[in-house]
Amino acid sequence: MMKRKEISQECFRGILKLAIGASMFAAMAFNSHLNAQQIAATPTGKGTPKYVFLFIGDGMSYPQIQSSAYYIGKDAAGIVDVVKKSENPSDSPYGKNLSFMNFPVAGSAQTYDATSFAPDSASTATSILTGQKTHSSSINVDITKKKKFRTIAEQLRDQKNWKIGIISTVNLNHATPAAAYAHQASRKSNYPIGLELVASNFDYFAGGALMEPQDKNNDKESIYSLAQKAGYKVCFTQKDAAALKNGDKALVVAEKLADADSMNYAQDAEKGEWTLRDYVKKGIEVLDNKKGFFMEIEGGKIDWACHANDARSSIADTLALSDAVEEAIDFYNKHPKETLIIVTADHETGGLTIGFAGTDYNLFFDTLKNQKISYAKFDSDYVANYKKNNTSFDAVMKDITAQFGLKVPGSEGTSKDGGLVLTDYEYSRIKEAYEKTMSGDKKLDQREYELYGTYEPLTVTVTHILNNKSGIGFTSYSHTGLPVPVFALGAGQNEFAGYYDNTDIYNKMAALTKVVKD
């Protein structure tokens with residue numbers, strides 16, 4: 001592991017002067033936070049890719065990336081400096097780069113689909129993997145639902161005999177991973193999508209469990225059983241996954257599953273539990289060959305966290321995606337003229353904003369570090385028991401203090417400038433949400449929906465208040481129409497500069513790998 005470089009105050013100020021007038025990402029590049037894997041040589045972009053990594057941060061646009069960079073940097077309050085490990089309030093705040101923020105090429109892609117300027121994952125992943133627009137909720141079919149689109153993964157499998165790997169922190173037949181191999185009018189056709197997974201004959205699947213592996217009528221064979229018959233090694237433990245070797249054909253389900261049978265949020269993962277990075281590392285080991293491979297890797301729970309307006313969990317999973325990219329960088333360092341790494345997103349989720357009315361021009365990202373668990377784990381491990389045991393509000397507040405840091409009014413500390421003491425107004429909001437949660441009433445009027453969405457009123461109110469104290473806001477519980485970044489490193493990287501449509505991501509990959517569009 002490479003140690004983070006210490007930057008003197010004088011040097012840092014000099015860097016800031018050099019950065020004046022430069023773009024946001026160029027300025028941030030002076031403060032690399034990579035602590036594991038550096039890009040070995042100056043990338044030229046020359047060569048023809050035969051190893052392609054496509055990382056998709058679901059729901060991850062510029063705000064999700066930048067909030068993560070600020071979180072691991074130095075807080076605006078000047079309290080924590082992750083490089084110097086010291087207090088020095090006289091220094092300016094700064095962010096630290098995620099691994100892919102150091103890539104030599106960055107572009108932007110529009111994300112609208114045939115339904116809306118605020119699209120869904122099925123249609124946008126279709127665009128990225130086939131170069132075609134379709135309706136929200138449809139996967140690799142046209143707007144008539146009759147014509148099927150071939151994906152870049154299928155074309156590389158058939159035309160180039162490349163090996164194919166699909167990895168996701170959410171269910172392996174969820175929209176984004178399914179867009180590599182499935183062709184369905186509805187993304188909710190879980191069992192048929194599972195059948196297509198097996199029929200794809202792709203070489204490596206890893207991540208969350210399949211949704212509805214058994215047909216709804218429970219009269220058809222399990223997808224897992226069919227996969228075994230098709231020659232897949234179906235693994236449900238890390239031990240079995242670790243034993244996989246080069247050339248194996250595998251379907252790997254994470255040993256420890258969380259909400260909706262997905263992988264755990266990164267911040268909830270236990271010591272020794274495999275993260276996205278581990279599955280990418282194993283995928284490289286399994287797929288590596290002389291002809292080539294294509295690997296799609298999704299950080300799917302960035303999206304889920306932003307739907308729930310949980311900024312801390314969004315940051316944790318964005319950082320987990322950055323860590324996974326480092327495994328691809330390590331591979332690139334060994335094959336720089338044959339490897340292409342692309343990091344992008346399907347759409348933005350939640351309308352995440354870095355800035356909040358209550359904190360004016362100030363941000364206090366250290367406040368988020370008081371959140372110990374994701375909203376989903378708080379729901380399952382705490383809120384479920386509150387309802388069962390009719391837990392008092394005072395007892396609930398003690399848990400909120402322990403897990404999120406928020407303190408009852410009158411506690412020692414401050415309610416301003418990122419302080420964790422609740423104002424009377426904030427306290428009343430939590431109490432109102434507690435009462436709504438405990439009532440079990442699922443009916444929401446317009447005001448309540450804007451406050452809670454479809455989430456547990458208590459939990460989402462707690463994350464909203466912690467977000468706001470940090471200087472973060474959300475405008476939606478759904479997707480938005482923001483463009484997404486596209487970062488590129490390696491053979492053909494220069495093709496990904498500029499501002500273009502998400503369908504062009506496919507077009508550029510197809511041209512570089514010389515597949516025939518069909």
Quiz item: Between the side chain of Asn468 and the main-chain N/O of Ile472, is any donor-acceptor distance below 3.5 Å?
Solution: yes
Quiz prompt | Side-chain donor/acceptor of Glu348 to backbone N/O of Gly351, under 3.5 Å | solution = yes
Is the distance between the ring centroids of [X] and [Y] under 6.0 Å?
X      : Y      : answer
Phe365 : Tyr70  : yes
Phe356 : Phe474 : no
Phe496 : Phe487 : no
Phe331 : Tyr51  : yes

Name the one of [options] that satisfies side chain to side chain contact (heavy atoms under 4.5 Å, CB included) with [X]?
X      : options                        : result
Asp346 : Asp120, Thr126, Thr124         : Thr124
Leu98  : Asp323, Val343, Leu319, Leu321 : Leu319
Ile152 : Leu54, Ile128, Leu129          : Leu129

Could you tell me whether [X] atom [atom1] has more than 12 heavy atoms of other residues or ligands within 6.0 Å of it?
X      : atom1 : answer
Tyr449 : OH    : yes
Leu444 : CG    : yes
Lys416 : NZ    : no

Exercise. Going by the ring-ring contact (aromatic ring centres under 6.0 Å, His included) test, name the single residue among Phe294, Tyr332, Phe293 that passes it with Phe53.
Key: Phe293
Self-check item: Glu327 with Arg277: basic N within carboxylate O range, under 4.0 Å
Solution: yes
Quiz prompt | Distance, nearest 0.5 Å, that separates CD of Glu426 from NE2 of His464 | solution = 13.0 Å
